[in-house]
Amino acid sequence: MLNGFSIARIQGIEIIDSRGNPTVRAKVTLESGIKATGDAPSGASKGTREAVEIRDPNGSVRGALNSINYYISPALTGVDSRNQSYADNMMIELDGTENKARLGANATISTSIAIAKAAAKAMDVEIFTYIGGAGPHYIPVPLLNILNGGLHAGNMLKIQEFIIVPVGFDTFKEALLGSIAVYKTLKNLVTEKYGKIYTALGDEGGISPPLSVTEDALDLVYTAIKNSGMEGKIMIGMDAAASDFYNEKKQIYEIDNVTKTTQQLMDFYVDLANRYPLVYLEDPFEENDIKSFSELQGKIKDVIVTGDDLYTTNIKYLKRGMELGATKGVIVKPNQIGTLTETIEFLNLAKENSIKTVVSHRSGETEDGFIADLAVGLNSNFIKTGAPSRGERTSKYNRILEIEEEYSLKYRGNKY
Ligand SMILES: C=C(OP(=O)(O)O)C(=O)O
Ligand SMILES: [Mg+2]
């Protein structure tokens with residue numbers, strides 16, 4: 001039966017992401033006249049098992065817009081927007097493939113998010129409480145990628161992300177301000193050492209100095225932490241995104257101007273964990289080598305080894321990781337799987353098994369702050385959303401600041 005919460009229509013709109021590439025915005029209108037939008041972000045260092053983003057040969061997302069306008073909208077018209085799983089399952093059925101290849105995950109995730117936002121608006125509740133219920137809710141620890149390498153930068157660093165982890169603070173606001181102090185100190189250090197021209201930003205807003213050796217980048221970040229007086233309060237993390245420097249033919253890793261076998265790369269990480277305050281390490285090996293993830297996690301028990309390309313937000317792969325005790329952490333990226341319902345199932349399965357969750361942006365983002373609400377609503381341990389420097393990243397941080405201020409939620413801090 002139709003009511004004010006029923007979906008009246010869904011429209012696909014082509015917008016641009018933070019790299020200037022076309023992406024999808026879905027606009028849901030309810031029978032009551034309430035409207036809400038959802039945006040599809042876009043990755044550069046993608047896992048091969050991710051749900052498929054439909055993009056035309058000329059780079060446009062026309063095909064995905066057609067999916068929304070001609071298939072999804074007619075199918076979901078009349079569906080109650082409060083029934084998220086019903087709407088998502090209809091899209092999964094309509095698509096009929098393993099990886100959303102027919103409709104496009106960029107069409108399904110934007111629609112899925114827009115439906116949730118419309119329902120929250122119609123119920124006049126915050127998005128995070130709509131998604132996660134009444135609570136209690138906690139504010140996640142941010143993982144700030146302040147120095148960019150890999151596919152996100154123009155330098156020769158093979159490690160994709162050098163991250164700071166502000167744990168020694170009582171509030172998110174203090175944690176963010178402390179992190180910004182480190183980010184600015186880092187910029188000054190690079191200016192002194194290489195010149196201001198080398199403080200250019202990578203795709204996620206971190207600086208991308210002309211380095212090629214991992215330890216040089218780590219030294220810069222660690223020095224910035226110490227010079228800011230943040231030692232002990234702000235730790236270090238890395239996303240290696242190792243599939244991107246793995247030479248499959250030769251079965252070796254090409255990093256730091258040399259080649260490393262899997263064993264050598266493993267020893268390298270163990271050594272770094274002993275010498276730097278490393279608490280987080282994402283995708284240390286290529287995405288098919290889950291056994292090495294597991295071996296490394298066994299060797300560096302205090303570091304949260306995390307799977308991104310390894311799991312692609314898909315419970316099928318997470319279950320295998322759980323059997324092997326492969327990682328203490330998982331990345332949660334809604335567009336890797338294509339619907340909110342599947343994203344929530346994945347995150348909850350991780351949580352039920354005491355695996356730390358990291359709700360994450362993509363390197364190509366829009367200004368939508370939705371993942372901030374998702375992270376708070378689902379009580380994620382962490383949120384990973386880049387440097388505190390550009391609108392498509394600050395929109396998430398600013399949304400959390402707003403939530404913290406208004407609802408006085410507790411910051412996870414050291415208890416992440
Ligand atoms: C955010 C990431 O990059 P991308 O969006 O390019 O996959 C990542 O690898 O964690
Ligand atoms: Mg990653």
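- More than 12 heavy atoms of other residues, nucleotides or ligands lie within 6.0 Å of CD in Glu14, so this atom counts as buried by the packing criterion.
- A salt bridge links Glu126 with Arg399; the closest basic N to acidic carboxylate O contact falls under 4.0 Å.
- For Glu174 (side chain) and Phe169 (main-chain N/O), no donor-acceptor pair under 3.5 Å exists by modelled atom type.
- Residues Thr394 and Ser389 share a closest heavy-atom pair of CG2-N, 3.8 Å.
- Not one N or O on the side chain of Ser45 forms a donor-acceptor pair closer than 3.5 Å with the backbone of Leu151.
- Side-chain N/O atoms of Thr214 and Asp256 include a donor and acceptor closer than 3.5 Å.
- Remark: the Thr185 side chain and the Ser228 side chain contain an N/O donor-acceptor pair separated by less than 3.5 Å.
- A 6.0 Å sphere centred on CD of Glu402 holds more than 12 heavy atoms belonging to other residues, nucleotides or ligands.
- Residue Arg62 qualifies as open at atom CZ: its count of foreign heavy atoms under 6.0 Å is 12 or below.
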Handout entry: Chi angles and distances behind the ring-ring contact (aromatic ring centres under 6.0 Å, His included) call for His137, Phe128
Key = CA-CA 9 Å; His137 291 290; Phe128 74 90; 5.5 Å; yes

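- By the 4.0 Å N-to-carboxylate-O rule, Lys100 lies close enough to Glu342 to be salt-bridged with it.
- Within 6.0 Å of atom CZ in Arg9, 12 or fewer heavy atoms from other residues, nucleotides or ligands are found, so the atom counts as exposed in its surroundings.
- Judged purely by atom type and a 3.5 angstrom limit, Ser18 uses its side chain to pair as donor or acceptor with the backbone of Glu365.
- In the model, Thr129 has no side-chain atom that pairs as donor or acceptor with a side-chain atom of Tyr407 under 3.5 Å.
- Applying the 6.0 Å contact sphere to CD of Glu254 captures more than 12 heavy atoms from other residues, nucleotides or ligands.
- Of the N and O atoms on the side chains of Asp39 and Thr366, at least one donor lies less than 3.5 Å from an acceptor on the other residue.
- Side chains of Gln336 and Asp308: a donor-acceptor N/O pair is present below 3.5 angstrom, by distance only.
- Between the side chain of Tyr269 and the backbone N or O of Pro284, at least one donor-acceptor pair lies under 3.5 Å.
- Between Ile127 and Phe370 the shortest heavy-atom distance is CG2-CE1, 3.8 Å.
- A donor-acceptor contact under 3.5 angstrom links the side chains of Asn335 and Arg362, judged on distance only.
- When all heavy atoms of Asn155 and Asn148 are compared, the pair lying nearest together is ND2-O, 3.0 Å.
- Between the side chains of Asp56 and Ser60, at least one donor N or O sits under 3.5 Å from an acceptor N or O.
- Under the 3.5 Å distance criterion, with hydrogens and angles disregarded, a donor-acceptor pair is assigned to the side chains of Thr357 and Ser380.
- Between Tyr411 and Phe172, the ring-plane angle classifies as perpendicular under the 30° and 60° cut-offs.
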Exercise for the section: Walk me through it: do Asp283 and Phe293 pass the test side-chain contact (heavy atoms from CB on, under 4.5 Å)? Expected result: CA-CA 8 Å; Asp283 280 352; Phe293 277 74; 3.9 Å; yes

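- Using a 4.0 Å cut-off between charged side-chain N and carboxylate O, Arg25 and Glu367 make a salt bridge.
- Residue Tyr71 qualifies as open at atom OH: its count of foreign heavy atoms under 6.0 Å is 12 or below.
- Relative to the six-membered ring of Tyr253, Lys158 misses at least one condition, a distance below 6.0 Å or an angle of at most 45° to the axis.
- Within a 6.0 Å radius of NZ in Lys184, other residues, nucleotides and ligands contribute 12 heavy atoms or fewer.
- Applying side-chain hydrogen bond (donor to acceptor under 3.5 Å, both in side chains) to His361 and the options Arg393, Lys396, Lys333 leaves one that passes, Arg393.
- Other residues, nucleotides and ligands contribute more than 12 heavy atoms inside 6.0 Å of the CG atom of Asn274.
- In summary, the side chains of Asp203 and Ser363 do not present any donor paired with an acceptor at a separation below 3.5 Å, with no hydrogens or angles considered.
- Side-chain polar atoms of Tyr138 and Asn381 form no donor-acceptor pair below 3.5 angstrom.
- Between the side chains of Tyr246 and Glu248, no donor N or O sits under 3.5 Å from an acceptor N or O.
- When atom types are taken as modelled, the side chain of Asn188 and the backbone of Thr191 share no donor-acceptor pair closer than 3.5 angstrom.
- A salt bridge links Glu295 with Lys299: at least one charged nitrogen is closer than 4.0 Å to a carboxylate oxygen.
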